[in-house]
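Report on the following structure.
Counting convention: from 1, in listed order, for ligands and their atoms alike. In this chain, residues are counted from 1 in sequence order. It should be emphasised that the depicted structure is a prediction, and the values quoted were computed from it without experimental measurement.
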Amino acid sequence: MYSDFIKGLIDVLGSDGVLQHPTELEPYLTDWRAIFKGQALAVVFPKTSSEVQTIVQLCQEFAIAIVPQGGNTNLTGSATPEKTGQQIVLSTKRMNKIRSIDLENQTMVVEAGCILQTIQEKAAQLGLLFPLSLAAEGSCTIGGNLATNAGGINVLRYGNTRDLCLGIEAVTAGGEVLDGLRGLRKDNTGYDLRNLIIGSEGTLAIITAAVIKLFPAPVSRCAAYIAVNDYSVIVKLLHALQKKAANELCAFEIMSKESLDLTQSHFPQFSHPIFNQSEYTLLIELAEFDQHSIAHQLLEDVLSTDLEKGTIQDVLIATSLTQVKQFWAIREHITLAQAKELGNIKFDISFEISKIGPFIQSTSQLLIARYPGIRIINFGHFGDGNLHFNLCPPIGVDQNYFTHHEESISALVYDQISLFNGSISAEHGIGQLKRDYLAKHRGNTAYQMMQEIKKTLDPKQLLNPHKVLR
Ligand SMILES: Cc1cc2nc3c(=O)[nH]c(=O)nc-3n(C[C@H](O)[C@H](O)[C@H](O)COP(=O)(O)OP(=O)(O)OC[C@H]3O[C@@H](n4cnc5c(N)ncnc54)[C@H](O)[C@@H]3O)c2cc1C
């Protein structure tokens, strides 16, 4: 039976469009953090939406499940096939064309496999901006960004990926093409299918193309690196900037001392540019939209008063784009530094801004009391209420420390998230990693509605089964 199926795939895609050899399959079977490992019958590389459609129809006929995969940079195991070896991975790598650009409408039609950075660069060549930006932008794809509703560093001003998309084209589990490639900013015509598919992690449809929004490009970027000891000052600074520079404020990031120390220990080339003994360091970015913009002055005004009063410990405002990029390189290397540590547990969570501080304080106390020496590495997109609350084992313990404690640690943290009314996934999605916590977190009614939607749109469980939902 499988040989007929593989033959069918090769008939559609040619033999170079179907990988089967174990060593060729290898890179597509493990997630970025190397936590999940699966097997697959084959990895397939369609070039067009109609090829995706034919593959889905073939999978229907042979009852073979499909795991859509873009850049495979997700942090939840959502694009990794199961261990059964009876699924295929559908890679969008070859669907990487920019189909069209509408300068009057300020939109671009892109295929799902376009690399995010390629889209950003194309927009920049046109003097425009595609504002989605994250550390994996050199390898993640717009299809993956949409399927995970990725956040990144500019959410404060431009929103999540969902807010940057006006229309999608997708292939349904039934092998139909949903043609929604329209760049309309208003369209109240029944249920919002685009927004149902965005964020569904490949479980409801395979996105093949999208209409994305472009924006005026700032003429320059202005960033500040700020050392703060007192947590309450951070919230006050955010409000001051939102009041004085609401239009310019793009990013408001927080990095704990531990997260920067860890980064420096693995990447000593990224030396900390200011006083580095403070509890927190902030990285704030404002965009300048015209030559006479006052972003730099605004930052100086807001920060100099706090510096004089001693409420912030140190400030460095970047004087060049190179320095802005250096600031961001430090921030982006926190995730990479953590990846170099043996076993760690990551929580990508969100709260109302007022609850972030109390959550950190209360949860850290509980963890340290129960697991002495545990290292708490927290950082994140503070302006969006998004915290990356990550844990490394105590120094010197054996490498299985977290294998023994992961379940109880996760239970503790998830209970705390509930207590502070937060979300167990801010921007990374659910995948396999958080699947077992979703029902409890969202409650019975919401979970049952999600199950009904899945059953209706994918009754044969062909699309990324057992991801997001059990
Ligand atoms: C260093 C690093 C930093 C990161 N920073 C951020 C960050 O700041 N913010 C953030 O939100 N994320 C971040 N991520 C996570 C990751 O980059 C995003 O989730 C990204 O959107 C995934 O895109 P991808 O193309 O790699 O998707 P993949 O990992 O290939 O897939 C992710 C999910 O989308 C599905 N999928 C992929 N393509 C399609 C498609 N065409 N149709 C339907 N389903 C599809 C897959 O089945 C899977 O469920 C980071 C990751 C790394 C490694």
For [X], which part has a heavy atom under 4.0 Å from ligand 1: side chain, backbone, both, or neither?
X    : answer
T148 : side chain
H381 : side chain
T203 : neither
S78  : both
I207 : both
A205 : backbone
H428 : side chain

Return yes or no for this condition: an N or O of [X] is under 3.5 Å from an N or O of ligand 1.
X    : result
G70  : yes
W32  : no
S139 : no
P68  : yes

Assess the side chains of [X] and [Y]: does a donor N or O sit below 3.5 Å from an acceptor N or O?
X    : Y    : result
N105 : D102 : no
Q338 : H333 : no
T148 : E201 : no

> For ligand 1, is there an atom lying under 4.0 Å from some heavy atom of Q69?
Replying inline: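 For ligand 1, residue contact (heavy atoms, under 4.0 Å) with Q69 is present.
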
> With a 4.0 Å cut-off on heavy atoms, is V67 touching ligand 1?
Replying inline: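 No, that is not the case, since the closest heavy atom of the residue is not under 4.0 Å from the ligand.
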
> For F45, which residues count as a ring-ring contact (aromatic ring centres under 6.0 Å, His included) partner, sequence neighbours excluded?
Replying inline: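 Partners of F45 under the ring-ring contact (aromatic ring centres under 6.0 Å, His included) test: Y28.
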
>> Set out, in order, the CA-CA distance, both residues' side-chain angles and the distance that settles ring pair (Phe, Tyr, Trp, His ring centres under 6.0 Å) for F389 and F359, then state yes or no.
In response: CA-CA 10 Å; F389 188 80; F359 168 85; 5.2 Å; yes

Can you tell me the protein heavy atom closest to [atom] and the distance?
atom                    : result
atom 2 (C) of ligand 1  : A136 CB, 4.0 Å
atom 5 (N) of ligand 1  : L134 CB, 4.0 Å
atom 15 (C) of ligand 1 : T73 O, 3.7 Å

> So, E285 and R221, do they make that salt bridge, N to O below 4.0 Å?
Replying inline: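 Yes.
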
> Any sub-3.5 Å donor-acceptor pair from D458's side-chain atoms to L204's backbone N or O?
Replying inline: no

> Rounded to the nearest 0.5 Å, what separation is found between the CZ atom of F327 and the CD1 atom of I284?
Replying inline: 11.0 Å

>> Among residues at least two apart in sequence or on other chains, which ones pass side-chain hydrogen bond (donor to acceptor under 3.5 Å, both in side chains) with E121?
In response: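 With sequence neighbours excluded, E121 shows a side-chain hydrogen bond (donor to acceptor under 3.5 Å, both in side chains) to Q117, given in chain and number order.
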
>> Could you work out, for atom 31 (O) of ligand 1, the closest of A79, A170, G152, A339 by heavy-atom distance?
In response: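 Looking at heavy atoms only, the winner is A79.
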
> Using the ring of each side chain (for Trp, its six-membered ring), is F252 parallel, tilted or perpendicular to F382, with breaks at 30° and 60°?
Replying inline: tilted

> Parallel, tilted or perpendicular: which fits the ring planes of F351 and F420, with parallel below 30° and perpendicular above 60°?
Replying inline: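 Perpendicular.
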
